[in-house]
Chemist: 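Please read through the structure below; I'll follow up with questions.
Reminder, nothing fancy here: chain letters follow the sequence lines and each chain counts from 1.
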Amino acid sequence: MPRKPKKEKVTEEPKEEKKSGFGLIRRFINKVIGNIFRKKKHVKLGLYGPPNGGKTTLANRICKDWLGEEMGSVSAMGHETREIQIKEQINIKSGSKELSFNLIDTPGIATRIDYEDFVKKGMKKGQAKKRAKEATKGVIDSIKWLDDMDVVVIVLDATLDPYTQVNITIIGNLVARNIPVLIVGNKVDLKKADLKRIEAAFPQYDVIGISAKFGKNIDKLYEALFVLVD
Amino acid sequence: MSLTLQFIPYSEIEELSSLGRIKKLLKIAKENKIVLLEGRLKKEEETELIKTTMEEINDDFKGIELGVIYPETGEGALMKRIKGGVAKLILGNRMGITIIGPASIVKEIKKDPTKIELFTTTPNKSKKKRR
């Protein structure tokens with residue numbers, strides 16, 4: 001698993017310099033340079049959500065669109081992504097705007113993991129137990145990484161009930177940490193998809209309906225990312 | 001199959017540390033009882049509860065189902081909102097109710113802002129309880 005990044009240290013200026021004009025100019029220059037630096041190099045964009053919502057499919061779509069390669073494997077069986085995956089330096093463009101970020105695909109967050117669910121889907125018992133063990137570790141890592149995100153896209157399966165405690169807890173934690181959130185309702189290509197249900201569950205957030213698999217509305221998502229990062 | 005619901009008044013966890021609260025609630029859930037907690041945990045404690053649950057999953061303990069009902073104060077008439085705001089200020093996390101059930105017994109918790117549906121698992125069929 002990639003090493004968890006440490007928070008940058010904030011160094012304090014000498015007191016005398018703070019009061020002087022030189023100090024003010026220096027802070028202004030640092031702020032401007034710092035902002036450029038952050039926007040261009042250090043935006044960490046996390047994909048969060050419950051298992052099987054389509055986080056890795058979306059990560060693959062973004063990577064394919066802008067890097068020409070995929071990021072991770074996808075599966076109909078839950079908990080396919082069991083380790084944090086990172087793709088660095090993705091540059092996306094929209095008109096004259098440009099955005100650079102590191103994309104972090106996280107394992108789905110759940111409150112229960114039963115190896116027997118994998119056995120029911122055809123996996124051998126030993127394999128299923130191993131997958132369940134890795135999945136629990138994946139959930140722990142996803143939660144640990146919450147603190148290190150600059151912006152987060154919550155990826156929900158638009159065919160399922162979005163008003164679950166796990167979704168509410170993740171979003172509540174991001175808000176408490178002042179991390180900007182965008183909610184994506186994925187799988188809108190399916191008949192059962194109901195975007196209005198997501199909008200009603202989280203009325204205070206922007207919700208975009210997409211199909212990561214077929215690329216539907218992906219441009220809208222990119223537009224929204226620019227707004228989110230600004 | 002019998003079902004045990006254990007009520008925990010907020011005063012029982014009020015003085016505990018975050019870890020202490022989580023350990024206490026999880027211990028009850030691991031005894032195959034459904035916890036009815038008066039009030040709610042802090043947001044960070046909810047994620048810590050999920051994290052600790054994951055650490056404790058094994059062949060016997062498959063995790064939990066979690067549901068929280070917390071009265072919203074952001075809508076309605078002005079007086080109602082003010083009253084709600086004052087109540088929230090005084091009672092804090094004492095308001096609302098939290099349900100934590102072991103995954104071996106609770107199949108699913110469905111919720112909307114004012115209602116919780118708890119689906120329990122039996123060997124051959126599912127029962128539905130409504131509060």
Chemist: Hey, what do you get for OG1 (A:T164) to NZ (B:K110), rounding to the nearest 0.5 Å?
Modeler: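 If I round to the nearest 0.5 Å, the distance is 11.5 Å.
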Chemist: Taking atom CD of A:Q204 as the centre, report whether more than 12 heavy atoms of other residues, nucleotides or ligands fall under 6.0 Å from it.
Modeler: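 Yes, enclosed.
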Chemist: Between the main-chain N or O of B:V68 and the side-chain N or O of A:Q165, is there a donor-acceptor pair closer than 3.5 Å?
Modeler: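 Answer holds: yes.
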Chemist: Verify, without hydrogens or angle tests, whether A:R112 (side chain) and B:I64 (backbone) share a donor-acceptor contact under 3.5 angstrom.
Modeler: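 Checking the backbone N and O of B:I64 against the side chain of A:R112, no donor-acceptor pair under 3.5 Å is found.
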Chemist: Check step by step if side chain to side chain contact (heavy atoms under 4.5 Å, CB included) holds for A:V166 and B:L66.
Modeler: CA-CA 8 Å; A:V166 170; B:L66 175 68; over 6 Å; no
Chemist: State, yes or no, whether a side-chain contact exists between B:I50 and A:I109 at a heavy-atom distance under 4.5 Å.
Modeler: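 Yes, close enough: below the 4.5 Å cut-off.
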Chemist: With a 4.5 angstrom heavy-atom cut-off, is it the side chain or the backbone of A:A201 that approaches chain B, or both, or neither?
Modeler: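 Neither the backbone nor the side chain of A:A201 comes within 4.5 Å of chain B.
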Chemist: Using a 4.5 Å cut-off on heavy atoms from C-beta on, say whether the side chain of B:K51 contacts that of A:K144.
Modeler: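 Yes, at least one pair of side-chain atoms sits under 4.5 Å.
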Chemist: For each of A:A110, A:A135, A:A132, tally heavy-atom pairs with chain B at distances under 4.5 Å, and name the one with the top tally.
Modeler: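 So the answer, after comparing A:A110, A:A135, A:A132, is A:A110.
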Chemist: Is any residue of residues 54-62 of chain B within less than 4.5 Å of chain A by heavy atoms, and which ones?
Modeler: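 Counting heavy atoms that sit under 4.5 Å from chain A, the residues of residues 54-62 of chain B involved are B:M54, B:E55, B:I57, B:D59, B:K62.
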Chemist: Examine whether an atom of B:T53 lies under 4.5 Å from a heavy atom of chain A, and if so say whether it belongs to the side chain, the backbone or both; otherwise answer neither.
Modeler: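 Only the side chain of B:T53 comes within 4.5 Å of chain A.
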Chemist: How long is the gap from CG on A:D147 to CD on B:E44, to the nearest 0.5 Å?
Modeler: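 Here the interatomic distance stands at 10.0 Å.
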Chemist: Considering residues, nucleotides and ligands other than A:K129, do more than 12 of their heavy atoms fall under 6.0 Å from its NZ?
Modeler: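 Check passes, neighbour count above 12.
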Chemist: Under 3.5 Å, side chain of A:N173 to main-chain N/O of B:K43, donor-acceptor pair present?
Modeler: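 It does hold such a pair.
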